[in-house]
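Residues: numbered from 1 along the sequence shown.
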Amino acid sequence: MLYIERTRTSIMHLIEIAMATSQTSCTILNPTPYSHKYSSKPFFAKPSYFFTNAKRSIDFQLSCKGGEKRALETSLRNKIDRRNVLFGFGGLYSAANLDSDLQLALADPLKAPEFSKCGVAKDLNKGGAAVDVNCCPPLFDKIIDYKLPHATKLRVRPAAHKARKEYIAKYKKAIELMKALPPEDPRSFTQQANIHCAYCNGAHDQAGHPGLDIQVHNSWLFFPFHRWYLYFFERILGKLIGDPTFALPYWNWDNPKGMTVPSMFIDSTSPLYNAKRNLANMPPTVIDLGLTGTTDDLQKVVNNLTIMYSEMVRSVNTVEDFMGKPYLDGSTTDPGPGSSERGSHATAHVFVGDPKQPSFEDMGNFYSAGRDPLFYCHHSNVDRMWTLWRDLKTPIPKDITEADFLNAEFLFYDENAQLVRVRVGDSVNNANMGYTYEKMELPWLNYKPPKKAAKSKVKNLSTAPNAAHVFPVTLNNIVRVEVPKSSKGKADELLVLEDIEVDPSKYIKFDVFVNDEDDESKELDKAEYAGTFAQVPHKTKNSKGKSSINLKLTQLYDDIDVADDDTIVVTIVPRSNGDNITIGGIKIIPAPIATFS
């Protein structure tokens with residue numbers, strides 16, 4: 001615990017000095033001894049754990065008046081010599097770690113946007129011409145702090161492919177009535193679609209930070225924002241048809257029985273229809289969650305199940321690996337998506353989007369995705385993944401307990417057209433929000449890839465260059481590098497891809513393999529598959545975004561029998577727009593120890 005206390009004490013000491021020199025009157029709250037964020041129980045961990053998770057040692061908050069927090073932050077940063085190693089850790093604790101710590105120590109939860117200051121969604125590349133989209137919400141003077149109503153009976157969201165005729169007729173009628181509302185009505189289909197556009201394409205600035213946009217993707221706000229979004233969309237539909245028990249369907253693309261676009265959405269005379277879809281991917285075409293380009297339906301199915309197992313179980317080590325990285329007040333966008341967001345969520349968007357449209361409209365771009373009724377069915381299953389993941393019996397704490405997560409805010413319009421403010425913390429448990437999901441089999445849950453038959457060294461692996469000589473690298477081609485492991489034996493380790501810089505207006509995807517000899521693999525159902533990164537096109541005020549991802553290697557090591565090797569060979573296969581992807585670095589670090597809370 002020595003290193004933990006030194007970290008915490010050093011940062012508090014810096015803050016005290018900065019307060020004195022910047023003449024701020026901030027107060028340090030809750031200066032209690034260190035406690036692990038994932039568990040209140042004592043536990044034993046390796047010394048390496050504390051170095052790779054130093055930010056967890058900050059267990060206090062600051063209370064400041066007005067703009068004093070920003071003044072304090074400036075004073076702190078001016079006192080740091082960023083050229084040198086900090087806190088006397090002999091190179092184990094860098095300026096980058098401190099920067100992250102200070103952000104967590106000084107930042108507040110993301111505040112709800114100010115609708116009165118909404119601007120146009122940022123330019124979209126349409127044949128070289130810049131087009132701005134006005135998707136700002138109607139203005140109301142009164143904002144109500146929303147309180148969840150008590151649910152006497154849970155609404156049940158059905159699997160779309162099993163929905164009965166009576167339900168489908170009711171769903172069609174609800175969407176028809178929503179589309180018939182005046183466009184200026186905040187409950188109308190037009191305004192509901194605009195919600196996603198405004199929160200996801202730079203129309204809203206962060207409150208108090210002009211020019212710094214709100215982006216609810218690629219961070220830990222992804223799941224809670226979309227849960228609230230669907231919640232009010234669903235309640236509006238129920239109010240329009242006079243049925244408070246109405247619940248949205250979910251597109252069950254994680255089960256082979258539901259791996260085609262649900263048939264209720266392909267009738268061109270239905271209000272559920274949208275013309276801007278990829279006609280080549282309509283039924284009976286099986287969805288390709290890997291977007292590998294394979295035309296073999298059986299291969300698509302096994303790829304899909306492998307992807308689901310990977311993003312829900314195999315590659316996830318902490319709650320942030322699944323949910324996404326912290327995104328706070330004053331933070332820049334895209335700190336890093338969770339495994340589900342950058343996997344099945346993103347590829348399903350692009351699978352449906354129309355490649356004949358300039359920006360993959362409608363589903364294939366964030367600004368237009370809400371214009372397709374299928375979007376809400378797709379995201380119902382995305383939300384279901386959060387519900388299922390919280391129930392998985394794995395030794396990983398399933399909830400984020402930081403106040404900066406729980407107290408983040410959004411604004412929506414409810415079923416009575418009232419402007420309401422909601423908290424992330426109230427959305428963590430779907431049952432508290434009055435709904436649940438029809439139960440379906442989870443064939444991916446135990447769909448572990450087969451172990452490699454025999455350990456072997458092949459030529460193109462043994463000649464891979466050392467990663468230190470290659471990165472940073474642009475993914476114009478397949479990249480294969482040798483990466484040193486952090487230890488030998490059965491130790492848990494993470495593969496970290498950091499400073500991933502992309503053009504957000506492009507569809508981005510790459511896959512990661514370990515010790516794989518197949519350069520152009522369209523088969524993901526194998527032990528060497530480590531994970532993926534995909535991003536739906538959108539625009540922000542910044543031309544490019546940066547993020548990082550972690551991939552757990554524990555099961556993979558066992559499956560390919562490399563636990564006792566000193567190095568592994570990592571292969572990164574660009575699937576889309578590789579020339580718009582730059583990866584700053586790659587490394588293997590000890591994995592934090594997961595404990596039950």
Side-chain angles (χ1 to χ4, degrees), residues 121-126 133 135 193-203 213-223 225-226 229-230 251 253 261 274 276-278 281 287-292 307 311 324-325 327 333-372 374-383 385 500-511 531-540 542-547 549 574-578 580-581:
K122 301 320 295 174
D123 60 305
L124 303 158
N125 298 323
K126 291 184 174 284
V133 180
C135 50
N194 283 346
I195 289 172
H196 199 260
C197 172
Y199 272 103
C200 310
N201 270 73
D213 54 328
I214 291 177
Q215 173 54 262
V216 293
H217 293 86
N218 301 322
S219 78
W220 65 9
L221 296 184
F222 168 74
F223 278 111
F225 169 82
H226 288 87
Y229 185 18
L230 294 189
W251 178 12
W253 34 249
V261 171
N274 186 298
K276 294 181 180 178
R277 294 178 185 154
N278 189 338
N281 289 341
I287 189 171
D288 180 4
L289 292 178
L291 290 182
T292 61
I307 288 167
E311 66 186 43
K325 297 187 182 302
Y327 179 46
T333 60
D334 303 332
S339 58
S340 181
E341 181 184 1
R342 68 173 189 266
S344 55
H345 156 259
T347 52
H349 265 280
V350 176
F351 178 82
V352 175
D354 186 356
K356 296 179 181 178
Q357 299 298 319
S359 297
F360 281 86
E361 289 89 348
D362 277 330
M363 272 276 281
N365 198 297
F366 284 156
Y367 94 92
S368 56
R371 299 174 183 176
D372 189 339
L374 183 55
F375 165 85
Y376 305 93
C377 187
H378 164 49
H379 260 278
S380 186
N381 201 42
V382 173
D383 181 77
M385 291 304 111
I500 303 171
E501 189 171 3
V502 305
D503 180 349
S505 70
K506 308 290 185 184
Y507 168 56
I508 299 296
K509 188 178 191 300
F510 61 82
D511 289 328
T532 193
F533 180 98
Q535 179 181 272
V536 180
H538 62 285
K539 291 291 283 186
T540 67
N542 302 312
S543 60
K544 292 186 177 182
K546 280 189 176 182
S547 57
I549 62 172
R575 301 290 189 187
S576 178
N577 289 304
N580 288 281
I581 308 170

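- No side-chain donor-acceptor contact under 3.5 Å links Asn201 to the backbone of Ala121.
- We find the OG-NE2 distance between Ser505 and His538 to be 9.0 Å, quoted to the nearest 0.5 Å.
- The shortest side-chain heavy-atom distance between Tyr507 and Leu291 falls under the 4.5 Å cut-off.
- Using a distance-only test at 3.5 Å, with no hydrogens or angles considered, a donor-acceptor pair links the side chain of Ser368 to the main chain of Asp362.
- For the pair Val502/Gln535, a side-chain contact is recorded, criterion being any heavy-atom separation below 4.5 Å from C-beta on.
- Proximity of the aromatic rings of His349 and Phe375 is defined here by a centroid distance below 6.0 angstrom, and this criterion is met.
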**OP:** Please lay out, stage by stage, how Lys276 and Asp372 fare under the test salt bridge (Lys or Arg N to Asp or Glu O under 4.0 Å).
**Re:** CA-CA 8 Å; Lys276 294 181 180 178; Asp372 189 339; over 6 Å; no

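- Note that NZ of Lys325 is 12.0 Å distant from CG of Asn218, once rounded to the nearest 0.5 Å.
- Annotation: the span from Gln357 atom CD to Asn365 atom CG amounts to 11.0 Å, rounded to 0.5 Å.
- A distance-only check finds no donor-acceptor pair linking the side chain of Asn194 to the backbone of Ala198 [under 3.5 Å].
- Contact between Glu361 and Ser359 at its shortest, heavy atoms only, is OE1-N, 2.9 Å.
- In terms of heavy atoms, Ser547 sits closest to Gly336 at CB-CA, 3.6 Å.
- By the 4.5 Å heavy-atom criterion applied to side chains, Tyr229 and Asp383 are not counted as neighbours.
- For the atom pair CD1 of Ile307 and CH2 of Trp253, the computed distance is 10.5 Å after rounding to the nearest 0.5 Å.
- To the nearest 0.5 Å, atom CZ of residue Phe223 and atom CD of residue Glu341 are 7.5 Å apart.
- Looking only at distances, a side-chain donor or acceptor of Thr347 sits under 3.5 Å from a matching main-chain atom of Gly343.
- Inter-residue side-chain proximity for His345 and Met385 is flagged as unmet; no heavy-atom pair is nearer than 4.5 Å.
- For Ser344 against His378, the heavy-atom pair with the smallest separation is O-CE1, 4.2 Å.
- In this structure the side chain of Ile287 reaches within 4.5 angstrom of the side chain of Trp251, judged on heavy atoms.
- Interatomic distance, Thr333 OG1 to His217 NE2, rounded to the nearest 0.5 Å: 12.0 Å.
- Listed for the Tyr327 side chain is a donor-acceptor partner under 3.5 Å among the backbone atoms of Gln215.
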**OP:** Give the C-alpha distance, both sets of side-chain angles, the deciding distance and a yes or no for side chain to side chain contact (heavy atoms under 4.5 Å, CB included) between Asp503 and Asn577.
**Re:** CA-CA 9 Å; Asp503 180 349; Asn577 289 304; over 6 Å; no

**OP:** Could you give me the CA-CA distance, side-chain angles and deciding distance for Ile214 and Tyr199, then say whether side chain to side chain contact (heavy atoms under 4.5 Å, CB included) is met?
**Re:** CA-CA 6 Å; Ile214 291 177; Tyr199 272 103; 4.1 Å; yes

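- Under the 4.5 Å side-chain criterion, counting only non-hydrogen atoms from C-beta, Asn278 is not in contact with Phe351.
- Side-chain atoms of Val382 and Phe222, non-hydrogen and from C-beta on, do get closer than 4.5 Å to each other.
- Checking each of Ile508, Asp334, Ile549 against Ile500 for a side-chain contact (heavy atoms from CB on, under 4.5 Å) leaves exactly one that passes, namely Ile549.
- Judged purely by atom type and a 3.5 angstrom limit, Arg575 has no side-chain atom pairing as donor or acceptor with the backbone of Lys509.
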**OP:** Determine, step by step, whether Phe366 and His196 satisfy the ring pair (Phe, Tyr, Trp, His ring centres under 6.0 Å) criterion, reporting the C-alpha distance in whole Å, the side-chain angles of both residues, the deciding distance to 0.1 Å, and the verdict.
**Re:** CA-CA 7 Å; Phe366 284 156; His196 199 260; 5.7 Å; yes

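- Using a distance-only test at 3.5 Å, with no hydrogens or angles considered, a donor-acceptor pair links the side chain of Thr532 to the main chain of Phe510.
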